[in-house]
Amino acid sequence: MKNLRDFKVSCDETAGKIKIQTQHTERRIKEEFEKLRQFLRDEEAARIAALREEEEQKSHMMKEKIEKMSREISSLSDTIRAIEEEMGAEDVSFLQNYRTTITRTQCRLEHPERLSGALIYVEKHLENLKFTVWEKMQEIIHYTPVTLNPITVHPLLVLSEDLTSVRFSDERQKLPDNPERFDLYGAVLGSEGFNSGTHCWDVDVRGNTRWVLGVMTESAERKGSVYSRSGIWYMFYYAGKCYAGSTPKPETLLSFNRKLQKIRVTLDWDGGKLSFSDAVNNTQLHTHTHTFTESLSFL
């Protein structure tokens with residue numbers, strides 16, 4: 001009866017956690033889509049502003065041309081009217097002013113040329129519009145090869161909102177004790193398992209006094225002393241020294257003393273290799289070799 005009641009309490013807590021997770025995830029989804037919508041609104045406003053600017057420039061140019069033509073038409077109309085009046089005068093008066101009349105009838109205005117490039121460059125504003133906006137959108141979107149799985153995280157670890165980084169906390173989080181979660185060692189797994197191909201990810205370890213990076217089989221037990229059982233290949237840093245290990249074998253001290261800032265982890269599942277390198281200067285640190293037979297998750 002006690003076991004059943006304890007399990008019911010656990011189920012009630014999990015049900016509450018599910019609701020909280022749903023609310024939190026929904027909020028994050030809305031925030032991310034709002035960022036995308038804001039980007040699109042800003043991009044739309046910028047493109048319409050560019051269109052309006054071109055419209056203003058070309059409309060101003062056309063206004064000046066129209067005003068100039070109006071002045072020339074008015075001047076020419078005055079000349080025609082004056083000549084017509086002189087031509088309607090008596091013969092003697094017309095002959096007396098003949099030379100002056102002939103001079104005034106000489107039109108010195110150049111024939112107006114049709115304007116090139118006067119219309120809006122519509123194609124400039126609409127050409128591959130969706131593609132160019134999508135291409136520009138990549139400036140605010142960053143692909144992350146590994147997303148951390150919150151249902152595996154140890155209660156003393158806190159994940160970032162975007163599930164791409166983790167930090168240690170002195171305060172233990174109140175999390176359900178589900179089977180997937182680590183309960184002894186401070187660890188978290190990636191959300192995706194790899195069972196073929198080559199995969200690579202960089203991990204920023206600056207400012208950390210202790211860290212462990214590697215891969216773990218999806219079937220390996222997460223509870224208790226996980227490093228005493230097989231299924232983990234890793235690199236470990238503590239007290240200024242680096243070690244490499246594959247459970248349950250003892251760790252090996254690595255012989256280099258430089259301070260590491262960014263580690264590149266490369267998993268060649270088919271080739272049976274897990275490599276660690278310094279991502280800053282691209283130098284190899286350690287390589288595990290093993291014939292992998294199971295799906296592996298980032299650790």
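Residue numbers start at 1 and run along the sequence shown. Since this is a predicted model, take the numbers as computed values, not measurements.
Across Ser228 and Pro248, no two heavy atoms sit closer than the pair O-CB, 3.3 Å. In this structure, Ser275 and Gln284 approach most closely via the heavy-atom pair CB-NE2, 3.2 Å. Across all their heavy atoms, Leu163 and Pro150 have their closest contact at CD1-CD, 4.2 Å. In this structure, Trp269 and Glu294 approach most closely via the heavy-atom pair NE1-O, 2.9 Å. Closest of all the heavy-atom pairs between Trp201 and Pro145 is CB-CG, 3.7 Å. In terms of heavy atoms, Ile232 sits closest to Met216 at CG1-CG, 3.7 Å.
Using cut-offs of 30° and 60° on the angle between ring planes, the pair Trp134 and Phe131 is tilted. The aromatic rings of Tyr237 and Trp211 lie parallel to each other, their planes meeting at an angle below 30°, with 60° marking the opposite boundary. The aromatic rings of Tyr227 and Tyr234 sit perpendicular to each other, their planes meeting at more than 60°, with 30° as the lower class boundary.
Counting only heavy atoms from C-beta outward, the side chains of Met62 and Ser59 never approach each other to under 4.5 Å. Considering only heavy atoms from C-beta on, Thr247 stays 4.5 Å or farther from Val226 through its side chain. Thr25 has its side chain within reach of Ile29: a pair of non-hydrogen atoms, C-beta onward, lies under 4.5 Å apart. Between Phe39 and Met137 there is a side-chain heavy-atom pair separated by less than 4.5 Å. When side chains are defined from C-beta on, Ile263 does not count as touching Asp278, because their heavy atoms never get closer than 4.5 Å. Between His288 and Lys273, the closest side-chain pair of non-hydrogen atoms is not below 4.5 Å. In this structure, Val122 and Glu127 have side chains that are not in contact, with every pair of non-hydrogen atoms separated by 4.5 Å or more.
The backbone N or O of Glu171 sits less than 3.5 Å from a side-chain atom of Ser169, completing a donor-acceptor pair. Side chain of Ser70 to main chain of Ile66: a donor-acceptor pair is present (N/O by atom type, distance under 3.5 Å, no hydrogens or angles). Within the 3.5 Å criterion, the main-chain N or O of Ser297 finds no donor-acceptor partner in the side chain of Glu218. No donor-acceptor distance shorter than 3.5 angstrom exists from the side chain of Asn149 to the backbone of Val188, with no hydrogens or angles considered. In this structure, the side chain of Thr132 engages the main chain of Asn128 through a donor-acceptor pair within 3.5 Å. No donor-acceptor pair under 3.5 Å is formed between the side chain of Gln173 and the backbone N or O of Leu175. At least one donor-acceptor pair closer than 3.5 Å links the side chain of Asp162 to the backbone N or O of Thr164. Under the 3.5 Å distance criterion, the side-chain polar atoms of Asp78 are left unmatched by any main-chain donor or acceptor of Ser75.
Atom CZ of Arg5 is surrounded by 12 or fewer heavy atoms from other residues, nucleotides or ligands within 6.0 Å. With a 6.0 Å radius and a threshold of 12 heavy atoms from other residues, nucleotides or ligands, Leu253 has its CG atom above the threshold. Environment of NZ in Lys241: sparse, with no more than 12 heavy atoms of neighbouring residues, nucleotides or ligands closer than 6.0 Å. Within a 6.0 Å radius of NZ in Lys124, other residues, nucleotides and ligands contribute more than 12 heavy atoms. Atom OH of Tyr238 is surrounded by 12 or fewer heavy atoms from other residues, nucleotides or ligands within 6.0 Å.
To the nearest 0.5 Å, atoms NZ (Lys259) and CZ (Arg206) are separated by 11.0 Å. To the nearest 0.5 Å, the span separating OG1 on Thr144 from CD1 on Ile141 amounts to 11.5 Å. Here the NZ-CG distance, from Lys262 to Asn281, works out to 12.5 Å after rounding to the nearest 0.5 Å. Between the CG atom of Leu260 and the SG atom of Cys242 there is a distance of 5.0 Å, given to the nearest 0.5 Å. Rounded to the nearest 0.5 angstrom, Asp268 CG and Leu274 CG are separated by 10.0 Å. The CG atom of Asn3 sits 15.0 Å away from the NZ atom of Lys8 when rounded to the nearest 0.5 Å.
Clustering ILVMFWY residues whenever any of their side-chain heavy atoms sit less than 4.5 angstrom apart, transitively, puts Leu159 in the very cluster that holds Leu157. Under the 4.5 Å side-chain heavy-atom criterion for Ile, Leu, Val, Met, Phe, Trp and Tyr, Phe182 and Val212 are members of the same hydrophobic cluster. One hydrophobic cluster holds both Phe298 and Leu285 under the rule that ILVMFWY side chains link at heavy-atom gaps under 4.5 Å. The cluster map of Ile, Leu, Val, Met, Phe, Trp and Tyr, joined by side-chain heavy atoms under 4.5 Å apart, puts Leu299 and Leu184 in the same cluster. Note on Val215: it clusters hydrophobically with Val205, by side-chain heavy-atom contacts below 4.5 Å among ILVMFWY residues.
Separation of the Trp233 and His290 ring centroids falls under the 6.0 Å cut-off.
Of the charged side-chain nitrogens involved, none lies within less than 4.0 Å of a carboxylate oxygen, so that Lys35 and Glu31 do not count as a salt-bridged pair. We find that Arg52 and Glu56 are not joined by a salt bridge, their nearest charged nitrogen and carboxylate oxygen being 4.0 Å or further apart. Taking the charged nitrogens against the carboxylate oxygens, Glu43 and Lys136 do have a contact shorter than 4.0 Å, which makes a salt bridge. Ion pairing between Asp202 and Arg264 holds under the 4.0 Å rule for side-chain N and carboxylate O. Using a 4.0 Å cut-off between a side-chain N of Lys or Arg and a carboxylate O of Asp or Glu, Glu53 and Lys58 do not qualify as a salt bridge. Using a 4.0 Å cut-off between charged nitrogen and carboxylate oxygen, Glu161 and Arg28 count as a salt-bridge pair.
For the 3.5 Å distance criterion, the side chains of Glu192 and His199 fail to qualify, holding no donor opposite an acceptor. For the residue pair Gln138/Tyr143, the side-chain donor-acceptor check at 3.5 Å is not satisfied. In summary, the side chains of Ser160 and Ser165 do present a donor paired with an acceptor at a separation below 3.5 Å, with no hydrogens or angles considered.
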**Message:** Run Leu148 and Val153 through side chain to side chain contact (heavy atoms under 4.5 Å, CB included) and show every step you take.
**Reply:** CA-CA 8 Å; Leu148 302 177; Val153 66; over 6 Å; no
**Message:** Checking Phe236 against Glu251 for the side chain to side chain contact (heavy atoms under 4.5 Å, CB included) test, could you report, in this order, the C-alpha distance in whole Å, the side-chain angles of both residues, the deciding distance, and whether it holds?
**Reply:** CA-CA 9 Å; Phe236 172 57; Glu251 296 166 347; 3.9 Å; yes
**Message:** Using the rule given for side chain to side chain contact (heavy atoms under 4.5 Å, CB included), can you reason through Thr152 versus Arg181, listing the C-alpha separation, both sets of side-chain angles and the distance that settles it, and then say yes or no?
**Reply:** CA-CA 4 Å; Thr152 66; Arg181 192 177 308 282; 5.8 Å; no
**Request:** Show your reasoning for whether salt bridge (charged side-chain N to carboxylate O under 4.0 Å, His left out) applies to Glu34 and Arg41.
**Result:** CA-CA 10 Å; Glu34 178 55 30; Arg41 285 193 291 265; 2.5 Å; yes
**Prompt:** Checking side chain to side chain contact (heavy atoms under 4.5 Å, CB included) for the pair Asp270/Thr198: CA distance, chi angles, key distance, verdict?
**Reply:** CA-CA 8 Å; Asp270 299 309; Thr198 300; 5.9 Å; no
